[in-house]
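Report on the following structure.
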Amino acid sequence: MTDYKKTLNLPSTKFPMRGNLAQKEPEMLKAWEQADLYGLLREHCAGRPKFILHDGPPYANGNIHIGHAVNKILKDIILKGKTLSGFDTPYIPGWDCHGLPIELKVEAKVGKVGTKVDAVKFREICRKYAKSQVELQKKDFKRLGVLGDWDKPYLTMDFQTEGDTVRSLGKIVENGYLRKGEKPVHWCVDCGSALAEAEVEYEDKTSSSIDVRFSVVDEDDLAKRMGADLTGEGAVSVVIWTTTPWTLPANQAIAVHAELDYVLVQVEGERLVLAEALYESVLERAELTGKVLQRCKGADLEHLQCQHPFYDRQVPVILGEHVTTDAGTGCVHTAPGHGQEDFVVGKQYGLEVDNPVGGDGYFLERAEIFAGESVDEANPHVIEVLKEQGKLLCYQPLEHSYPHCWRHNRPLIFRATPQWFISMDETGLRQQLLDSLDGVKWLPDWGQSRIQSMIENSPDWCVSRQRTWGVPITLFVHKETGELHPQTNALFEKAALLIDKKGVEAWFSLDKADLLGDEADSYDKVMDTLDVWFDSGVTHASVVDRREALNLPADLYLEGSDQHRGWFQSSLKTAVAMRGKAPYKTVLTHGFTVDAKGEKMSKSKGNTILPQSINKKFGTDILRLWATSCDYSREMTISDEIIKRIADGYRRIRNTSRFLLSNLNDFDPAKDCVPMSNLLPLDRWAVAQAAKTQDIILKSHDNYQFHLVYQELLRFCSIDLGSLFLDITKDRQYTCKGDSLARRSAQTATYHILSAMIRWLAPITSFTAEELWKHLPGDDKADYVLLTAWYDQLQPLDSEAEITESDWQQIFHTRELVSKQLEVLRIAEEIGSSLDAELTLYCDGDLFTSLIKLGNELRFILMTSSAKVVALTDVPDNAITIEGENLSIVAQSSEHEKCVRCWHHSETIGNNADHPELCDRCIENVEGDGEVRQYA
RNA sequence: UGCUCUGUAACUCAAUGGUAGAGUCCGCUCUUGAUAAGGGCGUGGUUGUGGGGUCAGUACCCACCAGAGCAACCA
């Protein structure tokens with residue numbers, strides 16, 4: 001037997017079947033970095049319209065997790081897509097560098113400020129620590145294949161950025177939005193500082209719960225409110241319940257609910273006012289019996305005066321919505337200096353915000369009997385005093401959930417302190433914010449109603465923190481009047497200039513006389529720092545507006561949906577307060593990653609999957625492909641199984657591309673490309689399918705719906721290519737003369753398809769795409785796919801095509817029906833390969849017209865050795881009629897010899913004495929001018 | 001506790017007010033000229049549960065369940 005194999009054009013490529021990504025990606029990264037791919041892109045894109053995605057800065061602490069990876073990968077996909085769409089897409093990654101978590105890390109290493117280190121040294125170490133974390137995360141981000149200006153990222157602790165943060169505050173002050181106020185905050189006496197909400201943990205604690213009598217001053221007044229003279233006998237008291245006896249010195253009122261019923265109850269020798277719903281439980285725990293004498297609504301009790309249990313003052317009864325009958329007495333002890341709700345309701349009634357407790361947790365002089373005592377010491381003392389005064393009705397220990405400092409694990413106190421606020425209503429900021437929402441596109445659209453309701457309900461933003469590592473609030477406040485310095489605006493700029501040069505330290509170590517001269521003695525220099533949300537919130541000014549590469553407003557902000565509360569809001573508030581306009585045109589959000597059961601990932605559950613481990617085991621392109629495959633508007637599920645499936649999908653894409661490449665091994669697009677109009681109809685169809693696919697892909701990019709890109713890409717590889725085009729054209733690719741139109745046509749289509757496909761992949765599996773690009777034939781290629789644009793040589797099928805789209809649909813539908821029929825023969829062991837079969841198809845109408853168009857080349861589409869089309873009227877008895885279809889089939893195994901070269905069965909085998917094993921077609925291809933193909 | 005979002009085949013995603021559709025997985029099978037690949041056929045879903053309006057719903061409304069996010073409460 002002659003070996004005809006070498007006369008075939010078998011596929012061949014150096015592009016490896018297996019990606020070996022884990023090893024190859026880092027090498028490619030290195031090469032990109034050396035070539036400065038990001039810089040090349042900027043040069044290449046110079047002058048194009050810009051698309052600005054402003055990076056939300058991750059907090060510079062700890063290793064990156066899967067959520068970070070998702071966020072950065074999505075950003076990268078978007079920007080690479082926009083690059084291919086013809087935009088200039090600078091990307092400046094950023095980090096949030098100030099704030100408590102870093103302070104805590106540093107504290108753990110060097111101790112608290114004022115113990116072993118001073119504040120100056122402490123900030124130095126914080127800065128250093130933050131820098132180290134930035135480098136750590138940067139390494140991992142780069143490993144994800146994310147392109148950006150990694151050499152010049154923005155850090156909120158860059159001196160200039162710190163300076164601009166101060167300038168931003170200055171602008172907000174200038175526009176009149178900053179006000180000084182007081183606010184009860186979670187306060188840790190060990191920290192000596194207020195804590196942010198995130199720094200608070202709830203744990204069980206045993207407290208002293210007490211019921212306390214507040215004597216009613218004027219019984220006649222109460223009688224009026226009850227609507228009748230008081231009956232019964234003994235002193236009359238309103239009873240409150242509290243679990244924090246130490247807050248009683250600050251008591252300013254008793255709150256009741258307007259709608260609730262209150263009763264006057266007669267017990268042994270005295271009368272008590274209690275909520276009707278609770279009086280029985282109160283009597284029970286006080287081991288008393290009693291009966292109701294009279295009743296009224298809470299509203300009737302408003303302004304009733306009661307005697308403070310141990311100070312010489314009277315406190316009013318007030319109304320509050322927060323009063324419930326869940327526990328207590330229905331009469332709520334109100335100390336505006338020690339409770340959030342007390343503070344709010346106290347404000348309505350103009351109550352004094354008294355806070356007799358110092359920052360160290362010890363009572364101040366004015367607390368009189370308790371002066372100098374710690375909060376913990378005061379608790380039993382207060383109870384003792386109440387007992388002495390006969391005001392203690394009941395005492396019980398109570399275990400309940402109570403806020404603790406996450407660091408010191410110590411119960412917190414609520415403590416009113418002077419703070420700086422960005423006011424929501426005084427100058428109409430809230431309304432301006434609401435007005436600004438419509439000018440922004442929110443994706444998904446419910447993002448708008450979410451942020452709207454948050455803004456509607458948002459209290460004034462407390463921007464001050466009593467912290468060490470942060471941007472200072474560079475204000476001078478008059479010692480006597482509490483007023484800001486009249487030159488505040490100019491002073492802001494002076495402070496900012498100093499900070500530009502030396503960082504925040506310039507303010508903290510500033511001698512105020514340097515700025516204020518002789519006035520220095522009259523002013524206090526504020527030493528508070530800004531809430532870190534402010535730092536990141538104003539990056540629209542300190543980064544977007546500052547960097548030459550970027551433009552304001554940004555086209556896009558993209559973060560997790562939790563940032564409606566966070567960065568989206570802090571950015572909006574500061575931008576509107578500074579400029580009256582939103583800093584972004586579009587806000588896109590993604591969901592969180594969850595495990596196979598749909599549950600949140602957490603270290604304690606042990607269900608986390610680290611990006612680093614996926615990179616190591618599978619490669620970043622797999623992680624990127626996973627991020628692509630998810631509908632990120634909801635939760636994104638990740639599990640070992642899912643990653644494995646994604647890896648399967650990757651292999652499909654990789655092998656399909658590889659096969660395309662391998663069929664182009666002798667193809668030079670400059671010389672061998674067949675003009676679109678000369679392509680064989682099947683090849684033309686394949687190009688048209690690619691055009692359709694590209695439409696879907698581009699539209700999905702426009703809508704940021706990458707999971708549809710993924711689905712379409714896989715569908716295209718599996719069906720259009722794997723099942724149809726590639727399977728069918730193998731015969732032509734392999735057996736026709738290498739240089740024939742028949743083969744060059746197929747190769748041209750292959751080349752167009754691959755050229756387009758590499759670009760589809762470029763934003764997603766960036767490493768694989770560049771690897772493919774290197775193997776793509778052609779001499780005048782750009783150095784990187786990303787330096788090109790979406791492939792523009794694909795064309796849809798026009799309606800005048802010889803074989804139209806609907807013809808193809810009928811043809812391929814018939815192919816499916818035939819396949820089913822061949823499967824019957826296969827099971828009967830009459831055939832193995834479909835080429836062992838011969839077919840006669842009986843049909844009429846449109847189907848007949850479509851099939852007949854292919855002449856005797858239909859067999860190539862159906863991949864049988866013969867396929868005849870005959871009018872349905874001639875259908876013989878032995879034909880199988882396909883139910884529900886206009887088709888009858890006679891399928892049988894061929895009686896002819898099988899050509900050893902093309903594997904088709906043919907009666908012509910043996911006709912040529914030189915090549916007794918070949919069919920006439922192969923002889924023509926081996927020795928002659930090459931066969932001519934018209935359609936397929 | 002409240003608000004918002006999500007819930008379609010084993011997995012990832014589609015679709016439509018009118019008998020649910022892909023790819024992957026899985027089973028069987030062909031192929032040794034994509035071979036640590038490729039093709040064919042097939043199994044598989046009362047579209048979270050329960051109600052409601054509709055000639056008709058997975059798609060609209062209500063309740064519930066589960067998960068997620070945000071918020072509140074904790075005197």
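Letters A, B, ... mirror the listed sequences (proteins, then strands); counts begin at 1.
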When you measure from the side-chain N and O atoms of Lys730(A) to the phosphate of G38(B), is any distance below 4.0 Å, counting only OP1 and OP2? no

Please report the distance separating the P of G21(B) from the corresponding atom of C30(B), rounded so that it comes out in whole Å. 30 Å

Could you tell me whether the side chain of Gln569(A) reaches within less than 4.5 Å of the side chain of Ile455(A), counting heavy atoms only? yes

What I want to find out is whether Asp836(A) reaches Lys898(A) closely enough, with some N-O distance under 4.0 Å, to be called a salt bridge. no

Only counting residues at least two apart or in another chain, list the ones meeting side-chain contact (heavy atoms from CB on, under 4.5 Å) with Ile764(A). Leu625(A), Thr628(A), Val709(A)

Of the candidate nucleotides A34(B), C41(B), G33(B), which contains the atom at the shortest distance from the side chain of Asn655(A)? A34(B)

Which of these nucleotides, C41(B), A75(B), U24(B), is closest to any side-chain atom of Arg652(A)? U24(B)

Indicate, with a heavy-atom threshold strictly under 4.0 Å, whether Ile827(A) touches base, sugar-phosphate, or nothing. nothing

For a quick check of understanding: with a heavy-atom distance under 4.0 Å over all strands, which category does Arg826(A) fall into, base, sugar-phosphate or nothing? base

In whole angstroms, the gap separating P of A10(B) from CG of Asp648(A) amounts to 18 Å

Scan Ser449(A) against the nucleic acid and name what it touches under 4.0 Å (heavy atoms): base, sugar-phosphate only, or nothing. nothing

Can you tell me which nucleotide in C13(B), G33(B), A75(B) comes closest to the side chain of Leu8(A)? G33(B)

Can you check whether Arg565(A) has a side-chain N or O nearer than 4.0 Å to OP1 or OP2 of G69(B)? no

Give Thr242(A) one of three labels, base, sugar-phosphate or nothing, depending on what nucleic acid heavy atoms sit under 4.0 Å from its own. sugar-phosphate

At under 4.0 Å, does any side-chain N or O of Ser723(A) touch on OP1 or OP2 of G40(B)? yes

Whole-Å distance separating the CG atom of Asp836(A) from the P atom of G40(B): 17 Å

Counting N and O atoms only, with roles assigned by atom type, does the side chain of Asn71(A) sit under 3.5 Å from a partner on the main chain of Leu558(A), one being a donor and the other an acceptor? yes

Pair Lys820(A) + Glu823(A), salt bridge at N-O below 4.0 Å: no

Considering just the side-chain nitrogens and oxygens of Arg450(A), establish if one lies under 4.0 Å of OP1 or OP2 belonging to C5(B). no

Using the P atom as the reference point in each nucleotide, state the distance between G53(B) and A59(B) in Å, no decimals. 15 Å

In this structure, OH of Tyr710(A) is separated from CH2 of Trp760(A) (nearest 0.5 Å) by 15.5 Å

Tell me what Arg815(A) touches on the nucleic acid: a base, only sugar-phosphate, or nothing, going by heavy atoms under 4.0 Å. nothing

Which whole-number value in Å describes the distance from Phe716(A) CZ to A14(B) C1'? 19 Å

Integer angstrom distance from the P of U16(B) to that of U46(B): 22 Å

Under 4.0 Å: is that the gap between some side-chain N or O of Lys820(A) and OP1 or OP2 of G42(B)? yes

By nearest atom, which of the nucleotides G39(B), C11(B), C41(B) is closest to the Glu641(A) side chain? C11(B)

Looking for any heavy atom pair under 4.0 Å, which part of the strands does Ile642(A) touch: base, sugar-phosphate only, or nothing? sugar-phosphate

For a quick test of reading the model: is some side-chain N or O of Arg18(A) closer than 4.0 Å to OP1 or OP2 of A34(B)? no

Could you tell me the separation between the CZ atom of Arg732(A) and the C1' atom of A34(B), rounded to a whole number of Å? 17 Å

Please confirm whether the shortest side-chain N or O distance from Arg658(A) to OP1 or OP2 of U35(B) is below 4.0 Å. yes

Check the distance between C5(B)'s P and Ile451(A)'s CD1 and give it to me in whole angstrom. 16 Å

Identify which nucleotide among A14(B), C30(B), G39(B) has an atom closest to any side-chain atom of Ser833(A), counting heavy atoms from C-beta outward. C30(B)

Does Phe659(A) form a side chain to side chain contact (heavy atoms under 4.5 Å, CB included) with Lys730(A)? I'd like the steps, not just the answer. CA-CA 10 Å; Phe659(A) 189 55; Lys730(A) 271 189 230 173; 3.9 Å; yes

Passing option when Arg743(A) is tested against Asn925(A), Asn663(A), Asp666(A) for side chain to side chain donor-acceptor pair (under 3.5 Å): Asp666(A)

A34(B) phosphate, OP1 or OP2, under 4.0 Å from Tyr734(A) side-chain N/O: yes

Contacts of Met454(A) and Leu724(A) projected onto RNA chain B by closest heavy atom; the upstream (5') one is Leu724(A)

Are side-chain N/O atoms of Glu838(A) and Ser894(A) paired as donor and acceptor at under 3.5 Å? yes

Salt bridge (charged side-chain N to carboxylate O under 4.0 Å, His left out) for Lys692(A) and Asp695(A)? Distances and angles first, verdict last. CA-CA 5 Å; Lys692(A) 272 190 183 166; Asp695(A) 278 351; over 6 Å; no

Base, sugar-phosphate alone, or nothing: which one does Gly649(A) contact when heavy atoms must sit under 4.0 Å apart? nothing

For the C1' atoms, the ones on A14(B) and on G7(B), what distance do you get once it is rounded to whole angstrom? 16 Å

Residue pair Arg921(A) / Cys902(A), side-chain heavy-atom distance below 4.5 Å: yes

Same-atom distance (C1') from A15(B) to U58(B), integer angstrom: 10 Å

When the nearest nucleotide of RNA chain B is assigned to His707(A) and to Ile719(A) on a heavy-atom basis, which residue is associated with the more 5' position? His707(A)

Rounding to a whole Å, what distance do you find between Tyr650(A):OH and A36(B):C1'? 15 Å

Between C26(B) and A9(B), how far apart are the two C1' atoms, rounded to whole Å? 12 Å

Under the criterion of centre distance below 5.5 Å and interplanar angle below 30°, is Trp903(A) classified as stacked on the base of G33(B)? yes

Counting only distance, no hydrogens or angles, is the base of U24(B) paired donor-acceptor with the side chain of Arg645(A) under 3.5 Å? yes

Would you indicate what Thr637(A) reaches in the nucleic acid, counting non-hydrogen atoms under 4.0 angstrom: base, sugar-phosphate, or nothing? sugar-phosphate

Using the side-chain heavy atoms of Phe659(A), tell me which of these nucleotides is nearest: G69(B), U6(B), A34(B). A34(B)

May I ask you to decide whether Arg565(A) forms a salt bridge with Asp562(A), counting only side-chain N to carboxylate O separations under 4.0 Å? no

Between Phe592(A) (CZ) and G69(B) (P), how many Å, whole number? 6 Å

For Cys630(A), answer base if it contacts any base atom (sugar-phosphate contacts may also be present), sugar-phosphate if it contacts only those atoms, and nothing otherwise; contact means non-hydrogen atoms under 4.0 Å. sugar-phosphate

State whether the distance check finds a donor on one side and an acceptor on the other, under 3.5 Å, for side chain Gln711(A) versus base G23(B). no

Spacing of the P atoms in A36(B) and C11(B) (rounded, Å): 31 Å

Any base atoms under 4.0 Å from Asp631(A), or only sugar-phosphate, or nothing? Heavy atoms, all strands. sugar-phosphate

note: Ile697(A), atom CD1; G23(B), atom P; distance rounded to Å ~ 16 Å

Please give the stem ranges for RNA chain B, sorted by first residue number, where a stem is three or more consecutive Watson-Crick or G-U pairs and both donor-acceptor distances are under 3.5 Å. B:1-7 with B:65-71, B:10-13 with B:21-24, B:26-30 with B:38-42, B:48-52 with B:60-64

